[in-house]
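For reference, the structure is listed below as structure tokens.
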Amino acid sequence: MFDNLSDRLGGVFDRLRGRGALSEADVREAMREVRVALLEADVALPVVRRFIDAVTEKAIGQDVLRSVTPGQQVVKIVDDELVEMLGGEGHEGLKLDVKPPAVVMMVGLQGSGKTTTTAKIAKYLKEKHGKKAMMASLDVQRPAAQEQLKVLGEQADVATLPIVVGQQPVDIARRALEASRLQSFDVLMLDTAGRLHVDEALMAEMNAVAQVASPAEVLLVVDSLTGQDAVNVAQSFSGEVPLTGVVLTRMDGDARGGAALSMRHVTGKPIKFAGTGEKLDALEAFDPKRVAGRILG
Ligand code: GDP
């Protein structure tokens, strides 16, 4: 995760720290290198610009260059700005303090990792927060999608709504709400259908489900390996459905990290979780401070 960027930035900062004194030109030169590194990591251009401007202004404008350890101070400024870029201090958790069942609606394109992530989050809520969750698949498009969620539920030891063949998404959502109320579930996870592209039919279906289910959280699942496409997908979705957060999957294979670094500023939506593998416990509560620490080594 972030390996390439981490290596590149590590080189720049070692050089900065190695010098006793720093001039304004040294800072500008280092920032040029950081700029290239961020662009190569596929971070969106406006986000890179804002980042470089903020760091340069803070590093040159204050007493940093006259301090005893200017290199260290510049690195500290970079760290702070990275945390900001990733969404600010601390993990932004799920807001589930509503009358149960709190509905979590999972949306995203086909193949993004949505079904796997639905089960991962249900398992996480059970194990980390003691919440009793039920899952229901509303995906009547993809053959075997409902069966896939059932199998994942068995693996995670999380209940799934019994499958009724032929039932349509809104009706499945109603039945799932009813069942989770009757059986006193704290959380109901709704795995909606994905399509290959963002299209009107997909958005209409999601909105119809959202109207019935009044979700406490609407999480968009996107594949971090798709880089700026992931950010574009998030923008398209957030214009159509009331997203409350993003889950970035396949972070385990993402050496660049552009989606993670651009998501907050481009879409305004917090990254709440990161998928870090195929196993059901490969889910991390996304914490900007920890992620920035990882990037800076
Ligand atoms: P969906 O079509 O969006 O529901 O996608 P699936 O949940 O079926 O996932 C598609 C594939 O991606 C499966 O093989 C998953 O095991 C895999 N996958 C999902 N999340 C991750 C992740 O965070 N890391 C890795 N390496 N694989 C993942």
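Counting starts at 1 for both ligands and their atoms, following the listed order. Being a predicted model, the structure only gives us computed values, none of them experimental.
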| Would you say G108 contacts ligand 1, with heavy atoms under 4.0 Å as the rule? | no
| query | Is any side-chain heavy atom of P169 closer than 4.5 Å to a side-chain heavy atom of V140? | reply | yes
| query | Do we get K132 above F185's six-membered ring, with its NZ or CZ under 6.0 Å from the centre and within 45° of the axis? | reply | yes
| Between D252 and ligand 1, which part of the residue brings a heavy atom under 4.0 Å of the ligand: side chain, backbone, both or neither? | side chain
| field | Polar side-chain atom of S238 near backbone of Q235 as donor-acceptor pair, under 3.5 Å | value | yes
| request: Would you indicate which of E278, K114, R250 comes nearest to atom 11 (C) of ligand 1 when only heavy atoms are counted? | output: R250
| query | So, does L109 sit close enough to ligand 1 that a heavy atom of it is under 4.0 Å from the ligand? | reply | yes
| query | What part of V221, side chain, backbone, both or neither, has a heavy atom within less than 4.0 angstrom of ligand 1? | reply | neither
| task | Kindly say whether A204 contributes a backbone atom to a donor-acceptor pair with the side chain of N207 at under 3.5 angstrom? | result | no
| Any idea which part of K120 is under 4.0 Å from ligand 1, heavy-atom wise: side chain, backbone, both or neither? | side chain
| request: Could you check which of G111, A144, G277, S137 puts a non-hydrogen atom nearest to atom 21 (C) of ligand 1? | output: G277
| request: Between M251 and ligand 1, find which residue part has any heavy-atom pair under 4.0 Å and reply side chain, backbone, both or neither. | output: neither
| query | Is a side-chain N or O of N232 found less than 3.5 angstrom from the main chain of A230, in a donor-acceptor match? | reply | no
| note | Contact region, D191 to ligand 1, non-hydrogen atoms below 4.0 Å, reads neither
